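Report on the structure given below.
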Amino acid sequence: MQICIILGTRPEIIKMSSIIRECQKRKIDYFILHTNQHYSENLDRIFFKELELPKPKYNLNVGSGTHAEETGKMLIGIEKVLIKEKPDIVLVQGDTNTVLAGALAAVKLGMKVGHIEAGLRSYFREMPEEINRILTDHCSDFLFTSTKKAKDILLSEGIPKKRVFVTGNTIVDAVYQNLKLAKKKSKILDKLKLKKENYFLVTVHRQENVDKKERLEEILESLGLIYAKFNLPVIYPIHPRTRKMIARFDLSIPKGVRLIEPIGFLDFLQLQANTKLVLTDSGGVQEESCILKIPCVTLRNNTERPETLEVGSNILAGATPKKVLRCVSRMLNKKRNWKNPFGDGKAGEEIINIIQKYGKK
Ligand code: UD1
Ligand code: UDP
């Protein structure tokens, strides 16, 4: 049988890595199709290098654009490849434009689609990813969920039970497979002159947070207040989207907030594992902090990862500076004794087991 693995952005490369490794280990016939939605070295190739992933067989060079431009170009490019290769199953991961385009192109060609990290819902339709998730789930044949909760969501939406498999999230695989290596190889703490648990770590890149001036201003103000209160540096590997918007809105960076370029997975894991607390609007970072037992303050009003709120690793702070500060203090006083709800680090194995059993044409 042949598997087509479609990916396009930083988190997809990281979260597909254990699937790719499993295909290599079992000598499965597979190929990687990269849309190149992300193309900057530090959002793209650095992860292939670090995670020792093979070069994609196809690269569509789609790059950035409006939602329709990105999705449309991807649909056209992916369809051509799928017609040529005729894989038995097409795998997509997450909720990006790449995922929607991959699933849609495949299902219209009558091919089986497997959606990894299915069943996430923020119930916030202004989030472009929410639309991508719902549409992808509803056109997939195999829905691999991180938790039982996500499975229940899918069943409540009428998706047949036989299509849904609770496998855990492949981010746990990626963290377990790379944490030791990160400790050994990463020099980021020395490079940035940071001491363990003596800094805050931030990532913010969501369209709803950074494309509106007032919202982005509030977030930056919150970060400045955190520095003022705790007198600890706030380290912020800044996504290019956010950098672009800060320049466009002509916003200034508050004292104590250190912007750095996006970093590789090993450096990021090392920074995350040793920080006092994470502030983020990233999906993957909410999961990783939970796995690493690092308290997380999410700069959003909703999350599609409610499990992190339930176990107590995460809190929703929105973006009002006073509330963000209150949430930081609350999370710093918390015992870090929660359990990771996202599985045992064998999601990649489990997903490939299921595909080998049921995935042939
Ligand atoms: C995309 C995903 C988002 C995911 C994020 C991961 C969608 C709708 N969004 O958001 O779900 O959380 O990736 O990081 O699919 N840019 C670069 N270099 C790059 C890529 C982007 O400079 O390699 C800049 C460009 O200015 C571009 C902007 O970032 O216009 C946004 O890129 P895009 O891929 O459209 O969305 P992301 O915000 O990266
Ligand atoms: N990450 C990274 N370098 C960085 C910031 C994040 O390697 O500078 C990793 C992080 O460990 C996580 C993933 O990128 O695995 C999250 O990606 P992102 O926040 O871009 O997307 P989301 O998860 O929100 O879709």
Side-chain angles (χ1 to χ4, degrees), residues 10 40 42-43 182 186-286 288-289 292 294-301 313-334 336:
R10 166 168 77 186
S40 299
N42 55 8
L43 290 188
S186 170
K187 308 261 185 296
I188 191 81
L189 294 176
D190 288 345
K191 195 173 149 199
L192 300 176
K193 300 192 173 50
L194 297 172
K195 287 205 200 89
K196 289 184 180 184
E197 298 207 21
N198 265 302
Y199 61 93
F200 292 93
L201 178 64
V202 179
T203 79
V204 177
H205 74 281
R206 299 238 89 82
Q207 182 179 303
E208 320 81 85
N209 270 341
V210 308
D211 285 18
K212 282 192 203 121
K213 186 178 180 200
E214 295 71 32
R215 180 88 178 179
L216 184 52
E217 234 167 0
E218 279 192 316
I219 290 177
L220 291 173
E221 190 188 334
S222 305
L223 302 182
L225 285 180
I226 291 170
Y227 173 73
K229 176 161 181 188
F230 295 95
N231 198 26
L232 292 176
V234 178
I235 308 299
Y236 184 177
I238 189 165
H239 191 288
R241 175 186 206 112
T242 318
R243 196 181 271 289
K244 187 171 76 178
M245 298 318 287
I246 287 177
R248 185 172 299 169
F249 299 142
D250 197 20
L251 300 177
S252 47
I253 305 301
K255 186 169 171 237
V257 178
R258 278 170 71 183
L259 299 191
I260 59 173
E261 286 304 307
I263 47 182
F265 189 51
L266 297 183
D267 279 344
F268 193 81
L269 270 184
Q270 177 71 349
L271 272 189
Q272 208 179 349
N274 291 292
T275 187
K276 200 171 180 63
L277 179 140
V278 172
L279 295 115
T280 194
D281 64 2
S282 155
V285 175
Q286 289 176 64
E288 286 165 353
S289 56
L292 294 166
I294 297 298
C296 179
V297 172
T298 292
L299 301 171
R300 290 174 48 188
N301 305 323
S313 67
N314 188 14
I315 192 167
L316 291 178
T320 319
K322 273 193 191 146
K323 184 164 181 201
V324 173
L325 264 190
R326 268 204 314 277
C327 289
V328 168
S329 298
R330 201 160 137 200
M331 288 310 289
L332 286 175
N333 287 327
K334 263 215 143 138
R336 303 179 181 193

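Because the structure is a prediction, the values reported are computed rather than measured.
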Any donor-acceptor N/O pair, Thr275 side chain to Tyr199 backbone, under 3.5 Å: yes

What is the minimum heavy-atom distance between Asp281 and Asn209, and which atoms define it? OD2-ND2, 3.0 Å

CG on Asn314 to SG on Cys296, rounded to 0.5 Å: 4.0 Å

Go through it in stages, so that I can follow the logic: the residues are Gln270 and Lys187, the test is side chain to side chain contact (heavy atoms under 4.5 Å, CB included), and I'd like the CA-CA distance, side-chain angles, deciding distance and then a yes or no. CA-CA 9 Å; Gln270 177 71 349; Lys187 308 261 185 296; over 6 Å; no

Do Leu225 and Val324 pass the side chain to side chain contact (heavy atoms under 4.5 Å, CB included) test, and can you show the C-alpha distance, the side-chain angles, and the key distance before you say yes or no? CA-CA 9 Å; Leu225 285 180; Val324 173; over 6 Å; no

Is there a side-chain contact between Lys213 and Arg248, using heavy atoms and a 4.5 Å cut-off? no

So, the side chain of Thr242 versus the backbone of Val204: is there a donor-acceptor pair under 3.5 Å, distance only? yes

Please give me the minimum heavy-atom distance between Leu266 and Ala182, naming the atom from each residue. O-CB, 3.4 Å

Identify the two heavy atoms, one from Arg258 and one from Pro233, that lie closest to each other, and give their separation to 0.1 Å. CD-CB, 4.5 Å

Between Thr203 and Thr280, is there a donor-acceptor pair closer than 3.5 Å when you use the side chain of the first and the backbone of the second? no

Go through Glu288 and Phe265 one step at a time and tell me if the side chain to side chain contact (heavy atoms under 4.5 Å, CB included) criterion holds. CA-CA 11 Å; Glu288 286 165 353; Phe265 189 51; 3.4 Å; yes

Only one of Arg300, Arg10, His205 passes side chain to side chain contact (heavy atoms under 4.5 Å, CB included) with Ser282; say which it is. His205

Output the distance between atom CD1 (Ile238) and atom CD1 (Ile260), rounded to the nearest 0.5 Å. 10.5 Å

Quick one: are Leu194 and Leu271 in side-chain contact, heavy atoms under 4.5 Å? yes

For Lys276 versus Phe200, what's the shortest heavy-atom pair and its separation? CD-CZ, 4.2 Å

Calculate, to the nearest 0.5 Å, the distance between atoms OG1 and CG belonging to Thr320 and Leu299 respectively. 10.5 Å

Nearest heavy atoms of Ser252 and Leu220, plus distance in Å: O-CD1, 4.0 Å

Going by heavy atoms in the side chains, are Arg243 and Glu261 under 4.5 Å from each other? yes

Test item: Asn301 and Leu316 side chains (from C-beta on) under 4.5 Å apart, heavy atoms: no

Can you list every pair that meets side chain to side chain donor-acceptor pair (under 3.5 Å) and has a residue in residues 216-226, with sequence neighbours left out? none

Step by step, work out the side chain to side chain contact (heavy atoms under 4.5 Å, CB included) result for Arg336 and Ile294. CA-CA 7 Å; Arg336 303 179 181 193; Ile294 297 298; 3.7 Å; yes

Could you give the distance from CG (Leu332) to CZ (Phe230), rounded to the nearest 0.5 Å? 5.0 Å

How about Pro237 and Phe268: do any of their side-chain heavy atoms sit closer than 4.5 Å? yes

How many angstroms lie between CZ in Arg330 and NZ in Lys323, if you round to the nearest 0.5 Å? 9.0 Å

Which heavy atom of Asp211 sits nearest a heavy atom of Met245, and at what distance? OD1-CG, 3.6 Å

In this structure, CG of Asn198 is separated from NZ of Lys193 (nearest 0.5 Å) by 15.5 Å

Can you check whether Ile219 reaches Val210 side chain to side chain, under 4.5 Å on heavy atoms? no

